[in-house]
Amino acid sequence: MIVLAAASVLAAVAWVYLVAGHGGFWRTDVRLPGLAGAPGPGARAWPSVVAVVPARDEAAILPETLPTLLAQDYPGPFSVVLVDDSSSDGTGVVAVALGTQALGGQATGQATLRVVTGRPLPPGWAGKVWAMAQGVAAAGDCGYLLFTDADIAFEPGTLAGLVRAAVTDDRALLSQMALLRAETGWERWIVPAFVYFFAQLYPFRRVGQPGSATAAAAGGCMLVRRDALAAAGGLGRIASARIDDVALARLLKRGPGRARCWLGFTTRVRSRRAYPGLGDLWQMIARSAYTQLRYSPALLAGTVAGLCWLYLLPPAAAIGGLAAGLAGGGAVAWWCAAAGLVGWALMAASFGPVLRLYRLSVLRAAGLPVIALLYAAMTVDSSWRHHAGRGGEWKGRAVPAVPRPH
């Protein structure tokens, strides 16, 4: 019991640090910078923007998302390049039809669309980064590139707000975490925790601090200044990256130019991709978890142990300590219970803002330890898939069993 009590006290101390000193990772009020009193670049000074959309077998979802991008009423030059990445479901045909329909329905205020047929994947390139690179090549000369995904929908005026913030606050990379779909029972349990764990790993406020080494982005919405990307060496520098958004942020922020970056929350950019069952969510997380750990067994063991210590120990100590204390276990049992309750309470409190962002009851926060256990299992499964040659599998593509060096 003494060992359990000591571990529980250390876990409670760790939670005090995480809540008070870990970059405010739990806060969801990190929103677009540089907007207060900012009129924008001016009617004739809005930079040109080209949106790049890698799309692989996305014919079903494009009608929900692509029109929202094409309809952005941006004051400056704006166009969209969709890269049909070896799709087998007619993605390119659907995209062309949607572009024609958009222009036919409204002659002005609509972006032009160019659909590019993707070339075969060359050695050393990850599929999505290769599609992004082809989109950049097709974009030609422009001020900014908006990297987004085929499942992302944009509310009206979103692009203008992004560019205004990037120009006003002088950011080479400005990214927003899209609001993921959380409609089914499993989505409501797993998706907010996914966002919470991502923010804990990469505190958004630290991403926005020029002197901080923390670099990250959310791939569904990344506005990048083209000259900054070129100065950093272009996408070829991260050709093999399986987690392209974080790799791109690191390339820009930690490169020779030390570009200013920013990452925040929004409700104006939403993912329409559905993950109706646990199996779908499991696949989404397991395909990249081991990649995030750089395929390291040591990091895998440390991550699983850390999840158990931070998330499972506090409730176990609280319940076990209370039971032992009531049974006459003495002061050590009550110390164990108190430390467990403190850690559990701080954990739940830090999860609350993300639950409110998704308009879910904060009472769900008490169940975070169970969700963390699921994430630990998904992470272990991710390593098994990798060693079985199915790592990072996505629509028929998989990461090689032995990763290529970066």
Side-chain angles (χ1 to χ4, degrees), residues 29-53 68-69 72-81 111 132 135-136 139-149 152-179 202 204-212 214-235 238 244-270:
D29 59 351
V30 185
R31 303 299 171 102
L32 281 180
L35 292 180
R44 297 184 178 180
W46 286 85
S48 58
V49 179
V50 177
V52 175
V53 186
T68 71
L69 183 59
Q72 290 295 305
D73 191 11
Y74 179 65
F78 175 52
S79 61
V80 178
V81 173
M132 292 166 62
V136 171
D141 188 26
C142 61
Y144 285 86
L145 295 156
L146 174 64
F147 294 108
T148 184
D149 294 330
I152 300 297
F154 294 81
E155 288 191 6
T158 299
L159 178 60
L162 286 167
V163 174
R164 181 186 291 111
V167 172
T168 304
D169 206 42
D170 187 27
R171 302 282 176 168
L173 166 64
L174 191 148
S175 178
Q176 290 185 297
M177 171 67 75
L179 198 70
Y202 306 106
F204 288 11
R205 290 178 180 275
R206 290 184 179 175
V207 172
Q209 296 171 357
S212 170
T214 304
C221 178
M222 299 188 296
L223 184 71
V224 179
R225 200 170 66 229
R226 176 144 193 175
D227 62 355
L229 178 60
L235 292 176
I238 60 169
D244 56 277
D245 42 15
V246 174
L248 178 57
R250 287 174 176 167
L251 175 69
L252 292 171
K253 189 174 183 181
R254 300 179 183 178
R258 302 295 182 186
R260 285 166 53 85
C261 301
W262 184 89
L263 171 63
F265 292 94
T266 184
T267 58
R268 298 177 59 83
V269 181
R270 295 172 178 261

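All of these numbers come straight from a predicted model, not from anything done at the bench. No hydrogens, no waters, no symmetry mates; every other heavy atom, side chains included, goes into these values. The residues of the chain are indexed from 1 along the displayed sequence.
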Requested in this report: Kindly compute the distance separating CG (Leu229) from CG (Leu173), expressed to the nearest 0.5 Å.
Outcome: 10.0 Å
Requested in this report: Could you pull out the closest heavy-atom pair between Leu223 and Ala166, with the gap in Å?
Outcome: CD2-CB, 3.8 Å
Query raised in the report: CZ of Phe154 to CD of Gln72: how many Å apart, nearest 0.5 Å?
Result: 7.0 Å
**Report entry** side chain to side chain donor-acceptor pair (under 3.5 Å) partners of Arg205, counting only residues at least two apart
**Finding:** Asp29
Report task. Applying side-chain contact (heavy atoms from CB on, under 4.5 Å), run through Leu32 and Asp169 and close with a yes or a no. Result -> CA-CA 10 Å; Leu32 281 180; Asp169 206 42; over 6 Å; no
Report task. List in chain and number order the residues that pass side chain to side chain contact (heavy atoms under 4.5 Å, CB included) with Ala215, two or more places apart in sequence or in another chain; answer none if no residue qualifies. Result -> Ala249, Arg250, Lys253, Arg254
Query raised in the report: Looking at residues at least two apart in the chain, or sitting in another chain, which of them share a side chain to side chain contact (heavy atoms under 4.5 Å, CB included) with Asp149?
Result: Lys128, Asp151, Ile152
Report summary line: For Tyr74 and Pro47 the tightest heavy-atom approach is OH-O, 2.6 Å
Query - For Thr68 against Ala153, the heavy-atom pair lying closest together - result: OG1-CA, 3.4 Å
Query raised in the report: Which side chain to side chain donor-acceptor pair (under 3.5 Å) pairs, counting each pair once, include a residue from residues 216-230, with sequence neighbours left out?
Result: Arg225-Asp227
Requested in this report: Not counting sequence neighbours, which residues clear side chain to side chain contact (heavy atoms under 4.5 Å, CB included) with Arg268? List them please.
Outcome: Glu155, Thr158, Thr266
Report summary line: What one should report as the nearest heavy-atom pair of Ala247 and Ile238 is O-CG2, 3.8 Å
Query raised in the report: Looking only at atom types and distance, does a side-chain atom of Arg171 sit under 3.5 Å from a main-chain N or O of Gly208, one as donor and one as acceptor?
Result: yes
Query raised in the report: How long is the span from the CG atom in Leu251 to the SG atom in Cys261, to the nearest 0.5 Å?
Result: 9.5 Å
Report summary line: When every non-hydrogen atom of Gly219 is compared with those of Asp245, the smallest separation belongs to N-OD2, 2.9 Å
Requested in this report: Output, in order, the C-alpha distance, side-chain angles, deciding distance and verdict of side-chain contact (heavy atoms from CB on, under 4.5 Å) for Leu235 and Leu248.
Outcome: CA-CA 8 Å; Leu235 292 176; Leu248 178 57; 4.2 Å; yes
Query raised in the report: Which residues pass the side chain to side chain contact (heavy atoms under 4.5 Å, CB included) test with Thr214, sequence neighbours left out?
Result: Tyr202, Pro203, Arg206, Val207, Ser212
Report task. Determine yes or no for a side-chain-to-main-chain donor-acceptor pair under 3.5 angstrom, with Thr148 supplying the side chain and Val53 the backbone. Result -> no
Report summary line: With sequence neighbours left out, the residues meeting salt bridge (Lys or Arg N to Asp or Glu O under 4.0 Å) with Arg270 are none
Requested in this report: Evaluate the criterion side-chain contact (heavy atoms from CB on, under 4.5 Å) for residue pair Asp244 and Met222; output intermediate values, then yes/no.
Outcome: CA-CA 11 Å; Asp244 56 277; Met222 299 188 296; 4.2 Å; yes
Query raised in the report: If you round to the nearest 0.5 Å, how far is CZ of Phe265 from CZ of Phe204?
Result: 4.0 Å
Query raised in the report: Rounded to the nearest 0.5 Å, how far does CZ of Phe78 lie from CG of Leu146?
Result: 6.5 Å
Query - Minimum-distance pair of heavy atoms, taken over all atoms of Ala111 and Val80 - result: CB-CG2, 4.2 Å
Report task. Using the test ring pair (Phe, Tyr, Trp, His ring centres under 6.0 Å), find all partners of Tyr144 that sit at least two apart in sequence or belong to another chain. Result -> none
